[in-house]
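Every chain is numbered from 1 and lettered A, B, ... according to where its sequence line falls, protein lines coming before strand lines.
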There are 2 protein chains.
Amino acid sequence: MDDCKANAALDILIGKWKPVILYQLGNGGTLRFSELQRAIPDITKKMLTSQLRELEYHDIVHREIYMQIPPKVEYSITEYGETLFPIIELMHNWGQKHVHHLEQKYRDEADQAAAANSRNGA
Amino acid sequence: MDDCKANAALDILIGKWKPVILYQLGNGGTLRFSELQRAIPDITKKMLTSQLRELEYHDIVHREIYMQIPPKVEYSITEYGETLFPIIELMHNWGQKHVHHLEQKYRDEADQAAAANSRNGA
DNA sequence: CTGCATCCAATGAGATACTG
DNA sequence: CAGTATCTCATTGGATGCAG
């Protein structure tokens, strides 16, 4: 058979901001919408909303709405969502080594945006 | 520190066909361009080429060119590329469970909604 | 404060035809 | 056989403004 089930996991992580959001929530515990926005300065409201909705759909994050004025909404990782973290950590560690590996291989070449981005983030 | 290094790993797997290609190569060992194409019927030559090039750039697959007529090119996983497989397998297993998890979640919710409806005399 | 609607730019992906 | 070139369409991401 094919390995397309890996795509199921991939789908959840794909999206420019999903890993960062997951990191923030896995770290800060429960965060409000505005706190997330402050923690990830470059994200727009639209993106934050849509990415959160997708994660919510997949039962990775929980959305708690407080019916009050002004509105207050809190996001947190679900218990189920925690099971995703070992994978993220594995990817994180591998990715870290990989950056070195590529650097070594292409020492003199200016490399592409993808690798450059992850370096700039550090 | 942030988790953006996970993106480095993610970048490699992202792309509609990368996981399938990796699966085929991790499985069939060394394959020619045309063999890959036959193994993945829906892929176009363009996509196959571009995805392979990206994987090659990241040193995940090796491209062996035989200078002859007709041309012959063989692709295989590099030793380094092998180190990526534990991650893929983890994602695969998780993804498999996740499909069930989602099915159950949304089936249960549908059931509850149905039950609620009949209670309301709808 | 949280989030939706709209409009727009950039990228990804597919179809088809051509080449050494 | 193993690609490249070009064109088109779909999806994603981003900026801005409005609304409850």
Side-chain angles (χ1 to χ4, degrees), chain A residues 2 4 6-8 10-22 24-25 28 30-58 61-76 111-118 120-121, chain B residues 4 7-8 10-22 24-25 28 30-58 61-76:
Chain A
D2 65 359
C4 62
N7 276 315
L10 227 36
D11 281 343
I12 292 172
L13 281 331
I14 285 180
K16 192 167 175 180
W17 305 100
K18 300 241 182 75
V20 204
I21 293 173
L22 255 19
Q24 292 296 335
L25 289 177
T30 296
L31 292 173
R32 301 184 54 170
F33 187 87
S34 49
E35 291 175 319
L36 275 170
Q37 236 188 326
R38 239 172 294 122
I40 313 169
D42 289 347
I43 200 172
T44 62
K45 282 184 288 185
K46 177 194 168 181
M47 288 315 295
L48 185 52
T49 304
S50 69
Q51 307 270 297
L52 281 169
R53 285 296 135 80
E54 289 175 35
L55 290 169
E56 190 193 357
Y57 172 84
H58 286 288
V61 313
H62 172 68
R63 181 158 168 258
E64 184 76 32
I65 307 150
Y66 297 84
M67 289 297 276
Q68 58 182 51
I69 305 290
K72 173 176 164 186
V73 179
E74 284 184 344
Y75 294 89
S76 55
D111 55 6
Q112 264 181 355
N117 277 341
S118 40
N120 292 340
Chain B
C4 63
N7 277 316
L10 227 36
D11 281 344
I12 292 171
L13 280 332
I14 285 179
K16 192 167 174 183
W17 305 99
K18 299 240 182 75
V20 204
I21 293 173
L22 255 19
Q24 292 294 337
L25 289 177
T30 296
L31 292 173
R32 301 182 55 169
F33 188 86
S34 50
E35 291 174 319
L36 275 169
Q37 237 189 325
R38 240 171 294 121
I40 313 169
D42 289 347
I43 199 172
T44 62
K45 282 186 282 189
K46 176 193 169 183
M47 288 315 294
L48 184 51
T49 303
S50 71
Q51 307 271 295
L52 281 169
R53 288 294 139 83
E54 289 175 36
L55 291 169
E56 189 194 357
Y57 172 85
H58 285 287
V61 312
H62 172 68
R63 181 157 167 258
E64 184 75 33
I65 307 151
Y66 297 84
M67 289 295 276
Q68 58 182 52
I69 306 288
K72 173 175 163 185
V73 180
E74 284 183 344
Y75 294 90
S76 55

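Atom CD1 in B:Ile69 sits about 13 Å away from atom C1' in D:dG3, given to the nearest Å. The nearest whole Å value for the distance from the CD atom in B:Gln68 to the C1' atom in D:dG3 is 15 Å. In this structure, B:Ile21 places its CD1 atom 11 Å from P of C:dA13, rounding to the nearest Å. Rounded to a whole Å, the NZ atom of B:Lys16 is 13 Å from the C1' atom of C:dA15. Taking atom CG of B:Leu52 as the reference point, atom C1' of D:dG3 lies 11 Å away to the nearest angstrom. In this structure, B:Gln51 places its CD atom 14 Å from P of D:dG3, rounding to the nearest Å. If you measure from atom CD of A:Glu64 to atom C1' of C:dC1, you get 16 Å, rounded to the nearest angstrom. Going from atom CE of B:Met67 over to atom P of D:dA2 covers 14 Å, rounded to whole Å.
Using a cutoff of 4.0 Å between basic side-chain nitrogens and carboxylate oxygens, A:Arg53 and A:Glu56 are scored as salt-bridged. Under 4.0 Å is where a charged nitrogen must lie from a carboxylate oxygen, and between B:Glu74 and B:Arg63 no such pair does. The pair A:Lys72-A:Glu64 does not meet the salt-bridge criterion, since no charged nitrogen lies less than 4.0 angstrom from a carboxylate oxygen.
For B:Arg32 and D:dA2, the shortest distance from a side-chain N or O to OP1 or OP2 is below 4.0 Å. Between B:Arg63 and D:dA2, a side-chain N or O to OP1/OP2 separation shorter than 4.0 Å is absent.
Summarising the geometry of A:Thr30 relative to A:Glu35, their closest heavy-atom pair is O-OE1, 4.2 Å, with the distance given to 0.1 Å.
Rounded to the nearest 0.5 angstrom, A:Gln37 CD and A:Asp42 CG are separated by 11.5 Å. If you take CZ on A:Arg32 and CZ on A:Arg38, they are separated by 8.5 Å, rounding to the nearest 0.5 Å.
Listed nucleotides: D:dG14, D:dG20, C:dG3. Nearest to the side chain of A:Trp17: D:dG14.
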**Q.** side chain to side chain contact (heavy atoms under 4.5 Å, CB included) between B:Leu48 and B:Trp17, intermediate numbers included
**A.** CA-CA 8 Å; B:Leu48 184 51; B:Trp17 305 99; over 6 Å; no
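In terms of position along DNA chain D, the nucleotide closest to A:Ile14 lies nearer the 5' end than the nucleotide closest to the other residue of the pair A:Pro71 and A:Ile14.
Across all strands, A:Tyr75 comes closer than 4.0 Å only to sugar-phosphate atoms, never to a base (heavy-atom distances).
Residues from residues 33-50 of chain B that place a heavy atom under 4.0 Å from any atom of DNA chain C, listed by number: B:Thr44, B:Lys46, B:Met47.
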